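Okay, structure first, notes after.
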Amino acid sequence: MKLKTFKLGGVHPPENKMTADIPVVPIDIPKRVSVIMSQHLGVPAVPVVDRGDKVKVGTLIGEAKGFISANIHSPVSGTVFKVDGVTDATGYRKNAVIINVEGDEWEEKIDKSDTLLKEIKLSSEEIIQRIKDSGIVGMGGAAFPTHVKYMFPEGKTADTLVINGVECEPYLTSDHRVMLERPDEILVGVSIMMKAGKVDRAKIGIESNKPDAIKILSEKAEDYPGVEVVPLKVQYPQGAEKQLIKALLNREIPSGKLPLDVGCIVNNIGTALAIYEAVQKNKPLIERVVTLTGKGLKKGGNFLVRIGIPAKNLLEKLGEEIPENTGKMISGGPMMGKAINHLDIPVTKGTSGIVLMSEEESKRNKIQNCIRCSKCVSVCPMGLEPYLLEKLAEKDMFEECEKEDIVDCIECGSCSFTCPSSRQLLDHIRYGKQNVMRIMRERRQQ
Amino acid sequence: MSNKLIVSLSPHEKGELSVEKVMWGVVIALMPSFAISVYTFGFDAIKVVLLSVVFCIGIEFLIQKFMLKSEVTILDGSAAITGILLAFNVPSNIPWWQLLAGSVVAIGISKMAFGGLGKNPFNPALVGRAFMLASFPVEMTTWPVPFSNIWSPATDAITAATPLGRLAEGGVKALGAMTDPAVEAVDYIDIFIGKVGGSLGEISAAAILIGGIYMLFKKIITWHIPVFYLLSLAGFSGLLWIIDPSKYADPLFHLIAGGAMLGAWFMATDLVTSPMSVKGQIIFAVFGGLLCGAIRIYGSYPEGCSYSILIMNAFVPLIDKYSKPKRFGKEVNYG
Amino acid sequence: MNPVILYSVGVLALIAAGSAIILFLVAKKFKVDEDPRIGEVSEILPGANCGGCGFPGCSGFATALVKGADKGDISGLACPPGGNETMTAVGEFLGMTVEESAPTTAVVRCNGTKAKAPSKLTYEGPTKCAIAHTLFSGENSCPHGCLGLDDCVEACDFEAIYMDEETGLPVVIPDKCTSCGACVRACPRDIIEIRPRGRKDRRVWVACMNEEKGPIPMKNCKVTCIGCAKCFDVCPPVANAITMGNNLAFIDGDKCIACGKCIVVCPTTAILATFEPPKPKPKPVTEEKEASEVKK
């Protein structure tokens with residue numbers, strides 16, 4: 001059978017999914033956690049607790065501010081030590097609530113039991129309100145507040161819910177493990193999301209390198225009307241929403257538009273689980289599955305981590321040190337993740353994995369002249385010309401960049417990955433894109 | 001952990017490809033043709049190819065080291081390709097100093113003067129050949145008879161007409177067979193495997209095809225340029241052949257004779273001087289094939305392949321400007 | 001005479017005459033009336049087209065000057081590279097009075113040299129501060145410090161800034177600097193400031209932009225301003241040039257009298273000057289080193 005995939009561009013980086021067979025284990029709660037207030041895309045949350053306040057697991061500590069923003073709840077119980085800046089993954093300081101841990105006492109309203117609750121009692125509006133209250137954001141990495149996706153603008157409707165179980169990033173296995181270990185919860189979560197979005201079909205896209213997840217989810221999906229599991233050919237960046245919709249439904253999101261414009265809502269597998277827990281168990285988003293992996297580690301792992309726990313605790317749980325020849329540490333996958341400065345950074349809602357790369361793996365190759373091989377053009381999933389955008393952006397020719405559709409770039413990195421001359425294509429394109437977006441914003445304001 | 005961590009923007013993963021792999025891949029793909037030329041012309045073929053490669057690499061080294069005082073990148077394989085291709089475009093008995101002059105033009109003027117690898121608008125080997133053809137027309141069009149003096153250095157050139165030469169001189173009658181039984185017929189099988197006179201690398205279409213398929217397999221080139229170039233050449237010559245078979249040669253002859261194969265697979269596909277988008281590559285190849293046919297049939301030169309590619313090289317910036325790849329989400333038709 | 005020659009000459013003459021008529025008509029039709037003064041003012045201006053005046057190029061500035069002169073007001077218009085000399089000349093030509101402005105120069109408000117703020121990370125990517133700034137806080141982890149990737153050097157049209165290889169920081173050559181402000185706009189961290197050159201080229205400034213409380217930046221950089229306000233306390237009341245805000249001291253270049261007292265008290269040596277500061281026991285300063293930035 002020919003598997004579905006998106007047509008334009010795409011690459012196939014080595015998968016290196018070494019932790020796919022390792023079950024998820026919870027991380028012990030340390031003495032102190034730092035919960036950053038800007039864990040999501042959009043406006044940072046405003047702290048609503050202060051030094052000395054007692055908090056329980058699930059207590060609201062940061063309130064959403066503005067339309068695109070998300071609530072933040074305490075992942076531990078204890079006393080607020082202070083509200084102060086902590087250095088995040090990039091070295092800049094972000095506002096955070098630092099909590100001294102005392103015991104593990106949960107808010108009473110949270111159902112801590114493991115029983116599967118299939119029946120959906122809430123109405124569509126109540127579900128969306130619950131998603132919003134629980135501070136749920138996209139768990140794929142971009143951390144876009146989920147409730148915003150379900151608040152349709154006037155006149156817009158959706159007909160399909162697209163669930164992203166692709167996990168096209170190399171190394172990462174957190175979504176894969178969630179699908180294997182919590183399939184029922186995910187499917188109930190998907191049903192809840194269908195109700196919230198008022199759609200009657202859902203398609204779960206999973207790449208064919210996860211046959212066990214495809215098998216278990218397709219078998220169980222038979223009990224859930226409208227839910228279909230679609231195996232996809234392995235190709236990067238299939239997890240990008242535009243490419244995923246193209247692969248599953250053969251619909252193309254017009255440039256500058258959202259999935260809703262083609263009648264789709266796109267959510268991640270991890271988000272489905274978080275929504276299940278929020279709606280059925282009343283549990284806000286306080287923990288997530290994080291993959292810790294790297295070729296230098298004896299054995300990586302998948303961990304259930306409370307938000308705010310430092311990343312180095314994952315390594316301690318494995319009983320390992322940072323390998324001697326580590327050259328780069330990445331939060332997220334190696335294609336789109338961020339290089340981090342140190343392992344003291346707290347886990348956030350968007351941390352899908354920590355990848356340690358050796359020095360040889362992380363050093364970039366020597367930059368050579370562009371040999372015009374057109375590899376970057378052929379791999380670009382958006383049909384752009386990265387070689388041209390690089391030159392234009394490097395020379396600050398932003399008007400020309402705009403004409404060449406630089407803002408359509410999804411920053412997947414396929415061009416830089418594939419370039420035989422190791423040119424820094426995406427670095428320059430990102431710089432150009434940021435400037436073009438700024439110019440466009442200024443123009444709109446005038 | 002003692003070393004400093006590296007911080008950079010994504011992607012952090014890097015691909016397998018490198019300039020060296022691409023370039024040396026092309027060199028490997030040229031080896032079957034080299035083997036055939038050695039089989040046909042013997043020691044001279046080895047001498048000419050080696051000399052040409054040494055000249056090209058040497059000139060690039062001298063320019064980078066002493067004129068530009070920049071980093072020396074002679075081992076990336078691009079100069080070697082130019083050298084081999086230049087040698088493939090000349091007769092096996094070419095004097096060494098003419099080859100040196102051709103190499104100076106190819107590397108010095110056509111490549112390094114424009115800024116080195118990746119910056120040259122014209123294929124260096126073809127510029128070198130065009131220069132040599134203009135400067136030394138006699139030596140460049142006097143081909144030794146195949147298998148005449150295989151393992152002894154060339155003495156006097158014993159000329160053998162190439163199939164295209166026969167066509168240009170005597171019209172389609174000279175190719176023999178059907179029209180005039182008195183003329184020895186040109187055997188297509190001989191032309192295909194390379195038992196004919198001609199420049200070093202262009203004699204055997206079969207060997208070039210093997211190299212081309214190797215490059216396709218290694219994903220160094222895409223199929224668009226060679227296939228469309230040959231199709232359009234065959235289409236143009238075929239149309240004329242259908243109109244008047246007694247006056248024009250058939251398309252199969254045009255495909256396998258002369259430098260069309262070498263040009264289509266190795267010169268037109270030159271990464272640096274071909275368009276970037278698939279659409280552009282097809283335009284480039286189609287017009288290249290038409291030009292090649294037109295020069296062969298109506299021009300005064302028997303062979304038009306190299307000029308057709310050079311002319312199309314000049315149009316590449318224009319083609320690039322007006323043949324953008326299909327953007328995702330720009331011309332949307334969903335439903 | 002050969003008729004061919006006659007014909008040729010005749011045809012060419014006809015073509016020439018025709019072209020001349022067309023040229024004449026076109027020139028008439030598309031004539032642009034421009035105030036001749038604009039061209040002459042442009043002649044006076046330096047012609048660097050640096051954009052420091054806020055107008056697109058020198059001719060744009062000249063147009064603005066002429067328009068301003070017609071309205072009787074050219075105050076607020078100044079040519080940074082040309083300085084007072086040029087503006088006086090322009091004023092004379094337009095018959096306007098031009099107010100003198102104090103000469104200014106760019107200063108780099110960061111002293112996190114490679115030795116004092118050692119790098120803990122290696123940056124890989126394009127040599128462009130604007131790109132590195134979006135990525136991380138810098139090789140030395142200071143989110144307010146100089147990234148050392150040449151954006152200001154690239155921006156300067158007058159070769160007035162160069163990168164000191166030893167310190168990894170940009171250095172301004174005040175005699176070449178025209179205060180056009182290109183480097184100020186280029187710096188993503190607002191480290192470069194245009195300040196008055198000061199009397200006899202004596203100026204003092206806080207070479208730090210850090211806004212965090214003391215102990216945090218001290219981990220990254222030994223010469224950071226920790227906001228202790230000691231300089232604020234010693235600044236003589238006649239000057240009253242120092243203000244505190246966001247854990248950072250700021251010296252107002254217009255008010256500063258370059259007494260050098262603050263330089264001596266600063267516990268982290270975050271205040272730099274272009275002259276040798278007085279020794280702890282105050283005595284009159286006589287010697288001065290012109291145009292060289294001497295660290296305390």
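Convention: sequence-line order gives letters A, B, ...; per-chain numbering from 1. This is a predicted model, so every value here is computed, not measured.
Looking only at distances, a side-chain donor or acceptor of B:H12 sits under 3.5 Å from a matching main-chain atom of A:G337. Side chain of A:N369 to backbone of B:L117: a donor-acceptor contact under 3.5 angstrom is found.
Using a 4.5 Å cut-off between heavy atoms, A:L384 touches chain B through backbone and side chain atoms alike. Both the backbone and the side chain of A:M335 come within less than 4.5 Å of a heavy atom in chain B. Residue B:I221: no heavy atom, backbone or side chain, is found under 4.5 Å from chain A. Both the backbone and the side chain of A:C373 come within contact range of chain B, judged by heavy atoms closer than 4.5 Å. Heavy atoms of A:E404 lying under 4.5 Å from chain B belong to its backbone as well as its side chain. Proximity to chain B is limited to the side chain of A:D408, based on heavy atoms less than 4.5 angstrom apart. Of the two parts of A:K257, neither the backbone nor the side chain holds a non-hydrogen atom closer than 4.5 Å to a non-hydrogen atom of chain B. For A:L249, no part lies near chain B; criterion is any non-hydrogen pair under 4.5 Å. Of the atoms belonging to A:P381, it is backbone heavy atoms, and not side-chain ones, that fall under 4.5 Å from chain B. For A:F6, no part sits under 4.5 Å from any heavy atom of chain B, backbone or side chain. Of the two parts of B:S274, only the backbone, made up of N, CA, C and O, holds a non-hydrogen atom closer than 4.5 Å to a non-hydrogen atom of chain A. Both the backbone and the side chain of A:S421 come within less than 4.5 Å of a heavy atom of chain B.
A salt bridge does not link B:R327 to A:E252: none of the charged nitrogens lies less than 4.0 Å from a carboxylate oxygen. Between A:E359 and B:K4, none of the side-chain N atoms (NZ, or NE/NH1/NH2) sits under 4.0 Å from a carboxylate O, so this pair counts as no salt bridge. The pair B:K330-A:D405 meets the salt-bridge criterion, since a charged nitrogen lies less than 4.0 angstrom from a carboxylate oxygen. Salt bridge status for A:R372 with B:D270: absent, with no side-chain N to carboxylate O gap under 4.0 Å.
Interface with chain A: from residues 13-29 of chain B, residues B:E13, B:K14, B:G15, B:L17, B:S18, B:V19, B:E20, B:V22, B:M23 qualify, criterion being any non-hydrogen pair under 4.5 Å.
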